[in-house]
Amino acid sequence: MAEEYREIQEDIYDWQNIMFLYNAAIKEVRTKLDIMNDEFQYIHQYNPIEYIKSRIKTPESIVNKLKRNGYESTIQNMVEHINDIAGIRVVCSFTSDIYRLAEMIGRQREFNILYIKDYMKHPKESGYRSYHMHITVPIQTTKGVVPTKVEIQIRTIAMDFWASLEHKIYYKFEGDAPDYISQDLQACATIVANLDEKMLSLNEAIMEAKGRQEKQGGKV
């Protein structure tokens, strides 16, 4: 009984340590993103980031993902095989901001890019569109530096609106939505993509018109 209790206490301690690392990683990445956004605003008088959201996967979600991928529910498997326990969502105005932000993030020396999933160029069958960067960020602890995984999702406001509601709808059906629901969601994803394209073209037209006005004003 004492041995079993000790093992439980050790598991709890290991879990708390891991969660500390993921929370610290989110703080590190969010701070970097805020600084990048402020610098971009200072230099270009434009901020590409509208807002940032972050979350840590729940224990239930972690266990379910391990089971889906055929792994036992252990802390070691969690750390090795799940790359999105710590997640940060960066929401921007226009699709052009997505690749601009991805390039800026990729230039950060502290970030090690593990891999990228470009659901902008290759949307999911559901219609989901976003840009995912899986990175590690070094977390300084009293025992040394620990590279910790973080998933960064970059998407527009319209994409975030669609993805958030799509998740809520599928959650109600526990992932088994009727075909007509999936078809309607795909149709909405197309509308969102067209809206993003239209808003980008409008913004570019406005910027061109503003540039012409400034040149004309300078000549006068």
Side-chain angles (χ1 to χ4, degrees), residues 18 21-23 25-26 28-30 32-33 36-37 48-58 61-71 77-139 147-171 175 177 182 185-197 200:
I18 294 297
L21 291 173
Y22 285 124
N23 277 293
I26 282 180
E28 289 278 355
V29 176
R30 288 197 67 143
K32 272 287 183 183
L33 290 170
M36 286 164 48
N37 199 40
I49 298 176
E50 288 288 334
Y51 54 89
I52 299 172
K53 297 179 180 179
S54 59
R55 62 100 182 97
I56 299 287
K57 271 187 179 296
T58 63
S61 180
I62 292 169
V63 169
N64 288 338
K65 189 162 188 176
L66 284 171
K67 287 182 178 178
R68 286 198 306 271
N69 293 331
Y71 297 110
N77 283 339
M78 177 184 82
V79 173
E80 290 183 3
H81 301 295
I82 301 185
N83 298 325
D84 62 344
I85 293 175
I88 291 182
R89 187 181 308 162
V90 182
V91 179
C92 51
S93 301
F94 306 104
T95 51
S96 57
D97 293 327
I98 292 176
Y99 290 104
R100 180 182 292 126
L101 283 167
E103 183 181 355
M104 292 165 63
I105 292 168
R107 287 200 300 262
Q108 301 302 306
R109 291 195 304 174
E110 294 88 345
F111 296 168
N112 176 43
I113 309 297
L114 298 176
Y115 60 92
I116 289 169
K117 290 184 177 180
D118 190 346
Y119 296 116
M120 295 287 298
K121 293 180 180 177
H122 307 286
K124 290 185 178 182
E125 187 178 347
S126 64
Y128 176 86
R129 297 168 73 242
S130 187
Y131 190 92
H132 293 192
M133 303 180 74
H134 294 261
I135 71 169
T136 59
V137 58
I139 301 301
T148 305
K149 296 176 183 177
V150 179
E151 180 191 60
I152 303 174
Q153 300 177 355
I154 314 173
R155 61 178 67 155
T156 64
I157 299 171
M159 291 177 200
D160 192 49
F161 165 77
W162 181 91
S164 297
L165 294 186
E166 187 257 4
H167 177 75
K168 288 184 178 180
I169 289 170
Y170 271 112
Y171 183 80
S182 299
L185 283 169
Q186 289 172 353
C188 289
T190 300
I191 294 170
V192 165
N194 291 335
L195 176 62
D196 268 334
E197 186 177 343
L200 177 62

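Predicted model, so just to flag it, every value in this text is computed and none were measured.
Shortest non-hydrogen contact noted between Ala189 and Ser126 is CB-O, 4.5 Å. Counting all heavy atoms, side chain and backbone alike, Leu101 lies closest to Pro48 at CD2-CG, 3.8 Å. Residue Pro138 comes nearest to Glu110 through the heavy atom pair CD-O, 3.0 Å, listed as atom of the first residue, atom of the second, then distance. Residues Ala158 and Asp196 approach most closely at CB-OD1, 3.7 Å, considering heavy atoms.
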request  = Given side chain to side chain contact (heavy atoms under 4.5 Å, CB included), test Gln108 with Val137 step by step and report yes or no.
outcome  = CA-CA 10 Å; Gln108 301 302 306; Val137 58; over 6 Å; no
message = Assess the residue pair Lys32 and Glu28 against the criterion (salt bridge (charged side-chain N to carboxylate O under 4.0 Å, His left out)); give the C-alpha distance rounded to whole Å, side-chain angles, the decisive distance to 0.1 Å, and a yes or no.
response = CA-CA 6 Å; Lys32 272 287 183 183; Glu28 289 278 355; over 6 Å; no
ask   = Should Ile52 and Asn37 be marked as a side chain to side chain contact (heavy atoms under 4.5 Å, CB included) after you check the CA-CA gap, both sets of side-chain angles, and the distance that decides it?
value = CA-CA 11 Å; Ile52 299 172; Asn37 199 40; over 6 Å; no
task = Dump the intermediate steps for side chain to side chain contact (heavy atoms under 4.5 Å, CB included) on Phe111 and Val29, then the final yes or no.
result = CA-CA 9 Å; Phe111 296 168; Val29 176; 4.2 Å; yes
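Here NZ of Lys117 is found 7.0 Å from NZ of Lys124. Values are rounded to the nearest 0.5 Å. With values rounded to the nearest 0.5 angstrom, Leu33 atom CG is found 10.5 Å from Ser54 atom OG. A distance of 7.5 Å separates SG in Cys92 from CE in Met159, rounded to the nearest 0.5 Å. In this structure, Ile139 CD1 and Thr148 OG1 are separated by 5.0 Å, a value rounded to the nearest 0.5 Å. In this structure, CE on Met104 lies 9.5 Å from CG on Asp97, to the nearest 0.5 angstrom. Put simply, OG on Ser164 and NZ on Lys53 are 4.5 Å apart, with the number rounded to the nearest 0.5 Å.
A 4.5 Å side-chain heavy-atom check between Pro147 and Asn112 finds every atom pair outside the cut-off. Annotation: side chain of Gln186 is not in contact with side chain of Thr190 (no heavy-atom distance under 4.5 Å). Contact check for Thr156 versus Leu200: no side-chain heavy atoms found under the 4.5 Å cut-off. Within the 4.5 Å cutoff, the side chain of Ile154 has no heavy atoms near those of the Tyr99 side chain. Annotation: side chain of Ile157 is not in contact with side chain of Phe161 (no heavy-atom distance under 4.5 Å).
In this structure a side-chain-to-backbone donor-acceptor pair under 3.5 Å is present from Trp162 to Leu185.
Take Ala193 and apply the side-chain contact (heavy atoms from CB on, under 4.5 Å) test, not counting sequence neighbours, and it matches Arg129.
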Donor-acceptor contacts under 3.5 Å from residues 78-91 side chains, at least two apart:
from, atom 1, to, atom 2, distance (Å)
Glu80, OE2, Gln76, NE2, 3.1
His81, ND1, Tyr71, OH, 3.4
Asn83, OD1, Lys149, NZ, 2.7
Asn83, ND2, Tyr115, OH, 2.9
Asp84, OD1, Lys65, NZ, 3.1
Asp84, OD2, Lys65, NZ, 3.0
Arg89, NH1, Asp160, OD1, 3.1

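Tested against Thr95 for a side-chain contact (heavy atoms from CB on, under 4.5 Å), the candidates Arg100, Met120, Arg155 yield a single pass: Met120.
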